[in-house]
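Below is one structure; the comments refer to it alone.
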Amino acid sequence: MAEFILRRILQAMLVLFVMTVLVFFGIHVIGNPVDLFASSECTKACLDEIMVNLGLDRPVWQQYLIFLGNLAEGDLGRSFTHGVPAMSLIWERFPATLELAVAALVLALVIGLPLGFYAGLRPDSWISKAIMGLSMIGFSVPIFWIGLIMILTFSVKLGWLPAIGRGDLVTVFGVRVSFLTLDGLRHLAMPAFTLSLLMMSMVIRLTRAGLREVMTSDYIRFARANGVPEYRVLGWHAMKNLLIPIVTVLGMEFGGVIAFAVVTESIFSWPGVGKMLIDAISVLDRPLIVAYLIFVVTMFVLLNLVIDILYSLLDPRVRLGAGAA
Amino acid sequence: MAPVLSVRGLTTVFGSGTQELRALDGVDLTVHAGEIVALVGESGSGKSLTGFSINGLLPGVARVTGGSIRLGEVDLRTLSAREMRQVRGSRVGMIFQDPMMTLNPVLRVETQMRDALRAHSTLSRQEVRTRLIAALAEVGIAAPEQRLRAWPHELSGGMRQRVAIATALLHSPELIIADEPTTALDVTIQGQILALAQRLCRERGTALVWITHDLAVVAGIADRVSVMYAGRVVEEGPVDAVLDTPAHPYTRGLIDSVAASQPKGARLPMIPGRMPLLSDLPQGCAFAARCPRRSPLCETTRPEPHPTGAGQTVRCHHPLTEPAGAVA
């Protein structure tokens, strides 16, 4: 187990290194950030002064080495535009994104699993066919369109739900969250549902396909032949087998949902990290972009580790060990 | 003494309407307490389907449309799904073909056995453990406490089949249906499992239906044998009579196809052709096209079962127990 985790960490560091090189030099090629955010009255001398202040006057490879040196000390640099440490900006906004992503995940499971179960148990009923049709739509229709249609319907036409922002916040363990107030929940509903659609569709399809396969297996017949009650056969004997592919796929998907909640956050003006990234890219705020990507890569690596551990709990044939990585 | 299981005229079909295929057609089967009845036949003859028809675990596309299945005093066909679940495990146990597939790969042996035990009884945690350990010890599993905590993949095939047998026997059912339980095992393990099943049934007076295609197994374990062909029982009788003096030409063919029954170096006889498809059953005897003794009668009229005098019942117009001259 320890060796497995160590190997994972080494792999992650390699990925981080390659990513920073690509992003660092990539942004350098795109343009000079100072041209983008300096005021138009700024003279040549003033521009040069900003350049020196930010360290942009040195050759790019020197800038990169300085960056690596700081990184080794845990310093990811200050945002060009905000002038504060990049990580503090990310931490400030990350809870909003995490809340949105977790809400989306919960919705996907709470709605997706029962629908998938129903469709798997009664594949020929018209309700099942409707469920499968909807899941197909969930896969194919672009998220921004769904988000806009929902705002149009529930905010503009019906006036039931607010279209933007997080609503009333409550501080729990030093983190400000929406989901504990009614107003916050009303704000959370639409963005969370929009963000969950893709995961939900996936859960429905995986559950249905998995259930249909599992139900014909000998071990389900064996459980039934022993008179095990149906709720136990479905809810535990079949369920545990079903969860293996679902956990795998959702785990990978969840990282993506957090990292690329950009679209949903933009539509609903949700003050999360996705919105921040878009703003950072538009002014080539390199430290913030790099810091965010390092953060995302680290999160992916941690998520994958969690999935692997969950996986080994669900499937006893998988043991994390020397040969497992 | 009244039989434990008495199946009369069992008819099971696949599909419905014009697509309906008769997979079982008028199957009779009688098993007494402590008796082992072998159900033999080729793949697709309907022997496994007979087993699943009895305990009500047919796949979704199949259903029983005719006949009666009496277990003791109850006709299982009249029971609701809920009552049928009460019967399964407590009065009818089942052992499956492939022990690699029978146990749920993601649940511990203990969880699976405990669920089976709790399905028909309310016991405390400690009582459950004691019962399960005793059950595993009875089927010859060493260190049952440790095995209880094991995952299925940690056990060998023979060991898993023992676990399956122990689970099926938890509630001492009156009837056990064993669907080719030794086919997937090594020959040496096969022998052990056969001996185990035989001993347990004799000791407890359990009626056992042993589904197999292996005549050597039949000779070794069974009291009576029913030979199935294309969804019908073509010959039934005491195992010695059927194997020594088969009445149906199909039974003869099966026995002759066993390599050990032939002189060394001799060419192994085989039954020509193959079993007709369910969708394409002939009007007369289903075996007629492959039968060396067929007559025009066989192609037009379906033979009904009749006794041979040697204790067997046979569905054949020209059984082997009659002189060959009788063949027109």
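Order of the sequence lines fixes the chain letters, A, B, ..., with proteins taken first and strands second; residue numbering starts at 1 for each chain.
For a heavy-atom cut-off of 4.5 Å, chain B lies close to no residue in residues 107-119 of chain A. Of residues 161-168 of chain B, those residues lying under 4.5 Å from chain A by any heavy-atom pair are B:Ala164, B:Thr167, B:Ala168. Within residues 197-222 of chain A, the residues approaching chain B closer than 4.5 Å by heavy atoms are, in numerical order, A:Asp218, A:Tyr219, A:Arg221, A:Phe222. Proximity to chain A among residues 75-88 of chain B is limited to B:Arg85, B:Arg88, judged by heavy-atom separations below 4.5 angstrom.
For B:Gln19, the CD atom sits in a loose shell: 12 or fewer heavy atoms of surrounding residues, nucleotides or ligands are nearer than 6.0 Å. Heavy-atom contacts from other residues, nucleotides or ligands closer than 6.0 Å to CE of B:Met101 number 12 or fewer. More than 12 heavy atoms of other shown residues, nucleotides or ligands fall within 6.0 angstrom of atom CZ in A:Phe139.
Nearest heavy-atom pair across B:Asn55 and A:Ala225 is ND2-CB, 4.1 Å. When all heavy atoms of A:Gly227 and B:Ala119 are compared, the pair lying nearest together is O-CB, 3.2 Å.
Inter-residue side-chain proximity for A:Asn241 and B:Pro105 is flagged as met; some heavy-atom pair is nearer than 4.5 Å.
If you measure heavy-atom distances from B:Asn104 to chain A, the contacts under 4.5 Å come from both the backbone and the side chain.
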